[in-house]
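Treat the numbers as computed from the prediction; the structure is a model and nothing was measured. The first residue in the sequence is number 1, and the count goes up from there.
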Amino acid sequence: MADPRLVPSQAPRVVIVGAGPAGIRAAETFVQAGLRPVVVDEGQVSGGQIYRRQPAMFRRSYATLYGLEADRAKAVHASFDRLAGQIDYHPDTLAWNVRDGVLHIAEGGLAKTLPFDALVLATGATDRLLPIKGWTLPGCYSLGAAQIALKAQACAIGRRVVFLGTGPLLYLVSYQYAKAGVDVAAVLDTSSANGQMLALGYMASRPAVLAKGLYYRALLMARRVAVHGGVTPLQIEGGEGVAAVRFRVGGGEQSIACDAVGMGFHLRSETQLADLAHCDFVFDADLGQWRPQADQDGRASVAGIYLAGDGARILGADAAEISGRLAALAALKDLGRPVAEAELADLRRRQQTMGTFRRGLAKAFPWPADLAKSVADDVLICRCEAITAGELRQAATGKGAPELNRAKALTRVGMGRCQGRFCGSAAAEILADTRDETLAAVGRLRGQAPVKPLSMALMREGGS
């Protein structure tokens with residue numbers, strides 16, 4: 001029988017979306033099996049968000065750029081670099097639709113199509129945001145944007161920065177800024193210290209990761225950064241830009257002067273492509289959000305679609321590497337290629353440990369649903385379409401919107417450039433609370449193509 005590597009027409013067409021930890025390990029696995037996968041990457045270089053590479057002209061060391069994650073970042077980058085010539089890599093390329101076994105991409109001003117036999121979606125996650133009075137002021141950034149500024153542009157979002165939110169990323173980014181010499185005015189965590197202590201049993205399942213989190217806190221304390229838990233944010237104050245953050249803690253109000261705010265309340269999976277591929281979704285009660293349904297190896301409900309990394313389930317970068325390899329092995333098995341069952345069993349076992357840790361994080365750093373429900377009527381929920389919380393509540397009561405997509409049609413909430421990435425979580429909480437329904441009952445914003453804006457100048461490959 002002919003070697004499939006020598007007969008391209010007989011080789012399965014394998015496409016991977018995303019070149020972060022999950023996508024890189026998936027690509028590596030396919031190459032080891034003798035296939036030549038196509039890797040579509042929205043970034044200009046591989047690494048994803050967590051291991052985002054610095055521009056070519058920068059010369060910062062791995063230790064400076066990634067801190068405690070330096071060795072892992074270097075290993076992931078090296079793995080991808082070794083794949084050169086063995087994959088078809090498409091950087092700076094947007095995957096904007098999936099339909100009938102074809103991935104639609106925009107690359108170099110051209111609209112192209114990539115038919116596939118197996119599609120691995122390693123699309124990652126973005127910040128989950130909570131509307132706060134003043135959050136649209138210049139100087140307000142997501143935690144992810146604050147990281148991009150530091151890693152890719154070697155600059156800070158401000159001279160004196162307050163970091164506000166909850167979850168491990170809050171402390172990681174605060175640590176990175178403090179380590180870089182930025183004046184971190186305060187870290188304001190909406191989660192309580194008691195809740196975090198009660199979740200230690202779960203998080204002890206991964207002692208090395210827990211130790212890193214404790215180290216980040218210790219460094220902040222050593223630098224005399226004020227860290228407040230159990231915070232209720234009241235307002236980001238300012239005129240032409242951020243001037244202060246006002247909040248309530250321990251029964252009293254405080255205000256901290258700053259010129260920038262980094263915000264993030266956990267992460268939300270990027271699921272639009274899975275939605276457009278007609279994958280089934282399930283409601284994740286631990287995190288209070290929807291995610292695409294997948295089996296333990298990453299198989300989605302639609303044949304030929306595989307999910308990996310934070311785009312499937314938010315477990316962190318090292319778990320993303322495991323899930324990327326699992327998804328690729330599942331695809332190979334379904335394509336009739338030999339797969340070592342012992343390796344599958346080992347990867348599944350390691351993934352299960354990650355799941356235990358994830359449950360601990362959900363308990364330690366809960367999404368502040370009550371804060372989202374109580375947002376004042378005059379606060380903007382949807383920045384793209386300038387829709388306030390009051391307008392959304394009016395759609396629920398005066399116009400009878402029973403679920404999120406009907407509210408979208410009536411108010412345009414979630415209909416703008418970000419397609420609900422910024423406003424979707426809070427909008428669902430407000431709608432459910434106003435209608436006295438469960439969060440699961442009001443549903444989720446359905447994905448629409450293109451998942452991100454396309455240029456009007458985009459040309460179809462081979463035509464106009």
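- Checked by atom type, the side-chain pair S269/R313 shows no donor-acceptor distance below 3.5 Å.
- Residue pairs meeting the salt bridge (Lys or Arg N to Asp or Glu O under 4.0 Å) criterion with at least one partner in residues 191-215, sequence neighbours excluded, are E69-K212, R206-D318.
- The aromatic rings of W367 and F265 sit perpendicular, their planes meeting at an angle over 60°, well past the 30° parallel limit.
- Here the closest heavy-atom approach between residue V76 and residue I24 is recorded as CG1-CD1, 3.4 Å.
- Although no hydrogens or angles enter the test, the distance criterion places no donor-acceptor pair under 3.5 Å between the side chain of K373 and the main chain of A432.
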Using atom types as modelled, flag every donor-acceptor pair under 3.5 Å from a side chain in residues 272-280 to any protein atom, sequence neighbours excluded.
from: D275; atom 1: OD1; to: R444; atom 2: NH2; distance (Å): 3.4
from: D275; atom 1: OD2; to: R444; atom 2: NH1; distance (Å): 2.9
from: D275; atom 1: OD2; to: G447; atom 2: N; distance (Å): 2.6

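- Counting only N and O atoms by type, the side chains of D183 and Y177 include no donor and acceptor under 3.5 Å apart.
- Checking side-chain atoms of D189 against main-chain N and O of G230 turns up no donor-acceptor pair under 3.5 Å.
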Walk me through it: do T353 and R350 pass the test side chain to side chain donor-acceptor pair (under 3.5 Å)? CA-CA 5 Å; T353 300; R350 292 164 60 193; over 6 Å; no

Pair S79, R25 - check side chain to side chain donor-acceptor pair (under 3.5 Å), show working. CA-CA 8 Å; S79 294; R25 293 307 179 197; 2.7 Å; yes

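- Not one N or O on the side chain of S425 forms a donor-acceptor pair closer than 3.5 Å with the backbone of R128.
- Dense packing is recorded around CG of D346, with more than 12 heavy atoms of other residues, nucleotides or ligands lying under 6.0 Å away.
- The number of heavy-atom neighbours closer than 6.0 Å to CZ of R60, taken from other residues, nucleotides and ligands shown, is above 12.
- Look at E237 and K133 and you find no salt bridge, because none of the NZ, NE, NH1 or NH2 atoms lies under 4.0 Å from a carboxylate O.
- For the residue pair R52 and A152, the shortest heavy atom distance occurs at CD-CB, 3.9 Å.
- The ring pair (Phe, Tyr, Trp, His ring centres under 6.0 Å) check on Y62 picks up Y66, H77, with sequence neighbours excluded.
- E253 CD: more than 12 foreign heavy atoms inside a 6.0 Å radius.
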